[in-house]
Asks: 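This is the structure I want to talk about, given as structure tokens.
Because the structure is a prediction, the values reported are computed rather than measured.
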Amino acid sequence: MAETKETRAAAQDGVPANFIRQAIDADIAAGKVPGSVVTRFPPEPNGCLHIGHAKSICLNFGIARDYPGAACYLRFDDTNPTKERIDFMEEIRGDVRWLGFDWGERLRHASDYFESLFGYAVRLIESGHAYVCSLDPGQIRAYRGTLTEPGLDSPYRSRPSGESLDLFMRMRDGEFEEGAHVLRAKIDMASPNMNLRDPVIYRIMHTPHPLTGDVWHVYPMYDFAQALSDTIEGVTHSLCTLEFEDHRPLYEWFLEVLDVPSPPRQIEFGRLNLTHTVMSKRYLTRLVDGGYVDGWDDPRMPTIAGMRRRGFTPGALRDFCERVGVTKNESAVEFERLEICVRTALDPVAPRAMAVLRPLKLVIENYPEDAVEIFEAPNHPADPSLGVREVPFSRELFIERDDFMEDPPRKFFRVAPGREVRLRYACLVTCTGVVRDPRTGTVVEIRGRYDPGSRGGKAPDGRKVRGAVHWVCARRGVRATVRLYDRLFRDPAPDHDVERLAQQLDPDSLEVLESAVIEPALALAGPGARFQFERLGYFVADSRDHAPGAPVFNRTVTLRDTWGKVRKRGADG
């Protein structure tokens with residue numbers, strides 16, 4: 001393939017030269033692109049976008065960004081008023097902007113073209129390429145045939161064009177009940193491609209449309225609306241996922257029969273699948289409507305809204321989509337690969353803070369009872385420009401319950417009787433004893449003594465202390481709710497049986513800790529603020545529930561791939 005200006009620019013900018021870009025370059029070189037490259041992203045507003053849509057957004061808007069004079073339309077496929085909603089349109093626009101892309105003046109809806117699409121349908125009727133069929137839906141399915149047997153012609157296939165046109169106009173006016181008639185393309189009932197067996201291209205629907213109201217009583221089917229909307233917008237390359245490959249002959253049939261000048265070229269690519277979740281809107285809608293998740297923006301959902309609420313960054317999602325790449329093959333990408341991108345994005349920018357998720361009180365016996373001391377801690381160890389924060393310290397602290405063992409193994413380098421550890425940024429302390437609940441025998445408090453000469457956590461005599469733990473001042477710390485999110489499904493590849501979805505959910509995908517304690521400064525953070533809780537992971541102030549006086553933090557991702565390690569241990573036995 002000859003090198004083009006776009007290929008060179010893409011290579012210089014580090015843009016992967018995937019097979020779609022190569023096809024576009026070849027079309028430009030062959031003079032098949034009359035002007036600039038035009039793509040489109042056509043979501044149906046019947047739910048929120050998911051990570052698979054993010055891949056398509058990055059692909060379509062990325063091409064518009066990288067090719068000179070190129071453009072990308074954001075077009076809502078609002079051809080089914082029974083499922084589509086205005087709030088979903090607003091959410092989708094926000095998702096595209098959040099990912100870092102802008103459509104400028106190119107926001108469209110299929111409903112913008114309803115009059116033009118109806119006119120194209122009339123042309124098909126007049127030319128003998130479409131007819132009004134009066135079979136009911138069950139009969140149409142029965143006449144369609146099977147993968148091994150050809151279909152049967154509808155008894156209405158030979159209906160005169162004038163009669164079909166009259167019926168179609170009356171369908172538009174709302175004269176008939178739903179299901180009484182449909183408009184079908186007249187192609188080939190014996191075609192091995194089921195999509196070409198006289199597909200329905202218009203159906204009667206009396207549901208008010210969210211944008212056009214009660215004006216229309218017939219609505220176009222997806223394949224018809226998509227092909228002609230692309231034509232109206234001057235789309236040069238219609239990029240869609242692999243399940244539409246068998247629909248391409250129908251797409252091209254519409255353009256050929258209607259003699260569309262400079263017809264768009266449809267190219268298919270493998271859709272993005274992610275392990276431990278489902279990517280179909282049908283299944284996601286079932287999870288939301290069934291109350292199995294906390295809405296479309298539940299942080300366990302694969303939706304862009306859920307990932308945003310979980311604390312993922314737009315840069316991390318773009319990086320992930322680029323690493324996954326664009327291929328012809330479909331495969332499931334491990335969730336761990338997405339988490340790697342999230343850690344990579346957050347590590348250089350997330351301020352550090354200390355939080356204790358499962359508090360165990362530590363009383364320092366030789367520290368003054370009423371004193372509160374202030375230590376300084378860096379907001380980011382690798383970026384001094386982010387400054388330092390003040391961390392209060394007192395006689396009573398909270399440490400993680402997991403950081404204490406009464407009878408520890410030899411290589412346990414945290415708090416244990418007789419062992420000295422470093423309290424980060426503060427001092428060295430040695431555990432001297434425990435206090436138990438008299439009824440259960442459970443350790444409810446530990447005691448210790450600190451080395452007054454170890455301010456800042458350094459031993460005055462240079463002795464080595466291997467263990468270091470984080471802590472929060474009991475006197476100044478703030479109680480917070482912390483939500484620990486994990487994978488939504490137990491199985492990496494959930495069985496796509498809508499009736500079994502609930503049984504496949506991981507009951508441990510959400511753990512809510514109501515008694516966590518955080519640094520006081522964290523309670524002042526605004527919704528959406530991201531932090532690294534030292535030694536614990538990356539967290540975000542919940543965009544919906546976090547409020548002054550009632551902080552709520554969601555775990556975005558752990559510091560390390562603990563899931564992968566657990567899985568590997570299980571595989572190794």
Asks: Using atom types as modelled and distance alone, determine if a side-chain donor or acceptor of His209 lies under 3.5 Å from a backbone N or O of Leu211.
Replies: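 Indeed, once roles are kept as given, a pair shorter than 3.5 Å links the two residues.
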
Asks: To the nearest 0.5 Å, how far apart are OG1 in Thr231 and CG in Leu255?
Replies: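 Taking OG1 in Thr231 and CG in Leu255, the distance rounds to 4.5 Å.
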
Asks: Does some side-chain heavy atom of Ile20 sit less than 4.5 Å from a side-chain heavy atom of Leu59?
Replies: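 Yes, close enough: below the 4.5 Å cut-off.
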
Asks: Can any side-chain N or O of Arg352 pair as donor or acceptor with the backbone N or O of Gln532 at less than 3.5 Å?
Replies: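 The answer is no, because no donor-acceptor pair under 3.5 Å joins these two groups.
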
Asks: Would you call Asp230 and Tyr73 a side-chain contact if the rule is heavy atoms closer than 4.5 Å?
Replies: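 Side-chain contact under 4.5 Å: no.
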
Asks: Ignoring hydrogens and geometry beyond distance, is a side-chain donor-acceptor pair present between Asp486 and Ser509 at under 3.5 Å?
Replies: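 Per modelled atom types, Asp486 and Ser509 side chains form no pair under 3.5 Å.
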
Asks: I need the minimum non-hydrogen distance between Leu536 and Leu559, along with the two atoms involved.
Replies: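 Taking every non-hydrogen atom into account, N-CD1, 3.8 Å.
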
Asks: For the pair Thr556 and Arg530, evaluate side chain to side chain donor-acceptor pair (under 3.5 Å) and give the outcome as yes or no after the intermediate values.
Replies: CA-CA 9 Å; Thr556 304; Arg530 303 180 183 91; over 6 Å; no

Asks: Atom NZ of residue position Lys32 - does it have more than 12 heavy atoms of other residues, nucleotides or ligands inside 6.0 Å?
Replies: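 Incorrect, the count does not exceed 12.
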
Asks: Classify the ring geometry of Phe168 against Phe118: parallel below 30°, tilted from 30° to 60°, perpendicular beyond 60°.
Replies: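 Aromatic pair Phe168/Phe118 classed parallel.
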
Asks: Of the non-hydrogen atoms in Pro137 and Gly179, which two are nearest, and what is the gap between them?
Replies: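 Where Pro137 meets Gly179 most closely, the heavy atoms are CD-O, 4.4 Å.
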
Asks: So, Ser36 side chain and Gly69 main chain: donor-acceptor pair closer than 3.5 Å or not?
Replies: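 Indeed, once roles are kept as given, a pair shorter than 3.5 Å links the two residues.
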
Asks: Output yes when Asp294 and Arg309 qualify as a salt bridge under the 4.0 Å nitrogen-oxygen rule, no when they do not.
Replies: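 Answer for the salt bridge query: yes.
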
Asks: Taking all heavy atoms of Asp495 and all of Arg500, pick out the closest pair and write down the distance.
Replies: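 Where Asp495 meets Arg500 most closely, the heavy atoms are OD2-NH1, 2.9 Å.
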
Asks: Does any part of the side chain of Pro220, heavy atoms only, come nearer than 4.5 Å to the side chain of Phe114, both counted from C-beta?
Replies: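 A side-chain contact under 4.5 Å exists here.
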
Asks: What is the distance from atom CE of Met205 to atom OG1 of Thr82, rounded to the nearest 0.5 Å?
Replies: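 Met205 atom CE to Thr82 atom OG1 measures 4.0 Å (nearest 0.5 Å).
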
Asks: Report the C-alpha separation of Arg172 and His217 in whole Å, then their side-chain angles, then the decisive distance to 0.1 Å, and conclude whether the side chain to side chain donor-acceptor pair (under 3.5 Å) test is met.
Replies: CA-CA 5 Å; Arg172 171 178 177 164; His217 297 277; over 6 Å; no

Asks: Does Phe41 have its ring centroid less than 6.0 Å away from the ring centroid of Phe101?
Replies: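 Ring centres of Phe101 and Phe41 not closer than 6.0 Å.
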
Asks: What I'd like to find out is whether the side chain of Pro43 reaches to under 4.5 Å of the side chain of Val96, using heavy atoms alone.
Replies: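 Side chain of Pro43 against side chain of Val96, heavy atoms only: no contact under 4.5 Å found.
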
Asks: Looking at every non-hydrogen atom in both residues, tell me the closest pair between Glu84 and Pro210 and how far apart they are.
Replies: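 Heavy-atom minimum between the residues: O-CG, 3.9 Å.
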
Asks: Closer than 3.5 angstrom, by distance alone: can the side chain of Lys55 be matched with the main-chain N or O of Val324 as a donor-acceptor pair?
Replies: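 Flag not set: sc Lys55 to bb Val324 has no pair under 3.5 Å.
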
Asks: Salt bridge check, Arg308 against Asp95: does any charged N sit closer than 4.0 Å to a carboxylate O?
Replies: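 Answer for the salt bridge query: yes.
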
Asks: Other residues, nucleotides and ligands only: do more than 12 of their heavy atoms fall within 6.0 Å of CD on Gln503?
Replies: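 Atom CD in Gln503 is crowded, with more than 12 foreign heavy atoms closer than 6.0 Å.
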
Asks: Apply side-chain contact (heavy atoms from CB on, under 4.5 Å) to the pair Leu338 and Leu274, showing each step before the final yes or no.
Replies: CA-CA 9 Å; Leu338 175 57; Leu274 202 60; 4.1 Å; yes

Asks: Please walk me through it: do Asn195 and Asp246 pass side chain to side chain donor-acceptor pair (under 3.5 Å)?
Replies: CA-CA 7 Å; Asn195 297 297; Asp246 289 341; 5.2 Å; no

Asks: So does Val552 get a backbone contact from the side chain of Asp542, meaning a donor-acceptor N/O pair under 3.5 Å?
Replies: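 Not confirmed, Asp542 side chain does not pair with Val552 backbone.
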
Asks: State whether the side chain of His546 and the backbone N or O of Ala525 hold a donor-acceptor pair below 3.5 Å, judged by distance alone.
Replies: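 Checked: pair present.
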
Asks: Looking at CE of Met89 and CG of Leu107, how far apart are the two atoms once the value is rounded to the nearest 0.5 Å?
Replies: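 One finds 9.5 Å between CE of Met89 and CG of Leu107.
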
Asks: Is the backbone N or O of Val38 less than 3.5 Å from a side-chain atom of Thr236, with the two atoms forming a donor-acceptor pair by type?
Replies: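 Present.
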
Asks: Angle class for the Trp253/His129 ring planes (parallel below 30°, perpendicular above 60°, tilted otherwise)?
Replies: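 If you compare the ring of Trp253 with that of His129, the planes turn out perpendicular.
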
Asks: Using side-chain heavy atoms (C-beta onward) and a distance below 4.5 Å, is Arg323 in contact with Asp319?
Replies: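 They are in contact (side-chain heavy atoms under 4.5 Å apart), so the answer is yes.
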
Asks: Between His247 and Tyr222, is the ring centroid distance below 6.0 Å?
Replies: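 No: the rings miss the under 6.0 Å criterion.
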
Asks: Answer yes or no on whether Arg483 is positioned over the face of Phe553, meaning its NZ or CZ is under 6.0 Å from the six-membered ring centre and within 45° of the axis.
Replies: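 That pair does not qualify as a cation-pi contact.
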
Asks: Kindly say whether His206 contributes a backbone atom to a donor-acceptor pair with the side chain of Glu178 at under 3.5 angstrom?
Replies: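 Checking the backbone N and O of His206 against the side chain of Glu178, a donor-acceptor pair under 3.5 Å is found.
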
Asks: Below 6.0 angstrom between ring centroids: does that apply to Phe539 and Phe531?
Replies: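 Centroid separation for Phe539 and Phe531: 6.0 Å or greater.
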
Asks: Please tell me whether His237 and Asp27 have a donor and an acceptor in their side chains that are separated by less than 3.5 angstrom.
Replies: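 Per modelled atom types, His237 and Asp27 side chains form a pair under 3.5 Å.
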
Asks: Can Glu233 and Arg108 be counted as an ion pair, charged N to O under 4.0 angstrom?
Replies: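 Result for this pair is no, no salt bridge flagged.
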
Asks: Does the gap between the ring centers of Phe19 and Phe269 come in under 6.0 Å?
Replies: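 Distance test on ring centres: not under 6.0 Å, no.
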
Asks: I'd like to know if the side chain of Thr79 reaches the main chain of Tyr219, judged simply by a donor and an acceptor atom lying under 3.5 Å from each other, with no hydrogens or angles considered.
Replies: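 Looks like no, no N/O pair under 3.5 Å.
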
Asks: Looking only at side chains, do Arg40 and Ser238 share a donor and an acceptor under 3.5 Å apart?
Replies: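 Side-chain D/A pair, Arg40 to Ser238: present.
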
Asks: When rounded to the nearest 0.5 angstrom, what is the spacing between CZ in Phe76 and CG in Asn46?
Replies: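 Interatomic distance, Phe76 CZ to Asn46 CG, rounded to 0.5 Å: 11.5 Å.
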
Asks: Go through the steps for Tyr202 and Met221 under the test side-chain contact (heavy atoms from CB on, under 4.5 Å), then give the verdict.
Replies: CA-CA 6 Å; Tyr202 264 90; Met221 300 297 287; over 6 Å; no

Asks: Treating Thr558 as the side-chain partner and Arg560 as the backbone partner, does any N or O pair qualify as donor plus acceptor under 3.5 Å?
Replies: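 Looks like yes, one N/O pair under 3.5 Å.
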
Asks: Step through it carefully: locate the ring centre of Trp103, locate the ring centre of Phe61, and say whether they are under 6.0 Å apart.
Replies: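 Between Phe61 and Trp103, which both carry aromatic rings, the centre distance is not below 6.0 Å.
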
Asks: Which atom pair, heavy atoms only, marks the closest approach of Val293 to Met301?
Replies: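 What the structure gives for the nearest pair is CG2-SD, 3.9 Å.
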
Asks: Can you confirm if the aromatic rings of Phe254 and Phe224 lie within a centre distance of less than 6.0 Å?
Replies: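 Judged by ring-centre distance (under 6.0 Å), Phe224 and Phe254 do meet the cut-off.
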
Asks: Is the number of heavy atoms from other residues, nucleotides or ligands within 6.0 Å of CZ (Arg141) greater than 12?
Replies: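 No, because the 6.0 Å sphere around CZ of Arg141 holds 12 heavy atoms or fewer from other groups.
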
Asks: Look up atom CZ in Arg490 and atom CG in Asp506, then write down how far apart they are to the nearest 0.5 Å.
Replies: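 The distance works out to 6.5 Å.
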
Asks: Within 45 degrees of the ring normal and closer than 6.0 Å to the centroid, is that where the cationic atom of Arg85 sits relative to Phe88?
Replies: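 Geometry flag: set, cation within 6.0 Å and 45°.
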
Asks: Does Glu339 pair with Arg487 as a salt bridge, N-O distance under 4.0 Å?
Replies: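 Judged by the 4.0 Å cut-off on N to carboxylate O distance, Glu339 and Arg487 do form a salt bridge.
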
Asks: So how far is it from Cys321 SG to Leu272 CG, rounded to the nearest 0.5 Å?
Replies: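 One finds 6.5 Å between SG of Cys321 and CG of Leu272.
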
Asks: I want to know whether His276 and Phe489 have ring centres closer than 6.0 Å.
Replies: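 Aromatic pair excluded; centres sit 6.0 Å or further apart.
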
Asks: Quick one: do Glu268 and Arg248 make a salt bridge, cutoff under 4.0 Å?
Replies: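 Here Glu268 pairs with Arg248 in a salt bridge, since their nearest N and O are under 4.0 Å apart.
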
Asks: Is the shortest heavy-atom distance from the side chain of Arg271 to the side chain of Met279 under 4.5 Å?
Replies: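 Touching, per the 4.5 Å side-chain cut-off.
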
Asks: Can you confirm whether Glu330 is buried at CD, in the sense that more than 12 heavy atoms of other residues, nucleotides or ligands lie under 6.0 Å from that atom?
Replies: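 Yes, CD of Glu330 has more than 12 neighbouring heavy atoms, counting only those of other groups under 6.0 Å.
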
Asks: Show, in sequence, the C-alpha distance, side-chain angles and deciding distance for Tyr67 and Asp25, and conclude whether the side chain to side chain donor-acceptor pair (under 3.5 Å) test is met.
Replies: CA-CA 10 Å; Tyr67 283 81; Asp25 289 342; 2.8 Å; yes

Asks: Testing the basics here: between Ile187 and Pro199, what is the closest heavy-atom pair and its distance to 0.1 Å?
Replies: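 Nearest pair, atom of Ile187 first, then Pro199: CD1-CD, 3.8 Å.
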
Asks: I'd like to know if Asp297 pairs up with Arg544 as an ion pair, taking the criterion as any Lys NZ or Arg NE/NH1/NH2 lying under 4.0 Å from an Asp or Glu carboxylate oxygen.
Replies: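 Between Arg544 and Asp297 there is a salt bridge, with a charged N closer than 4.0 Å to a carboxylate O.
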
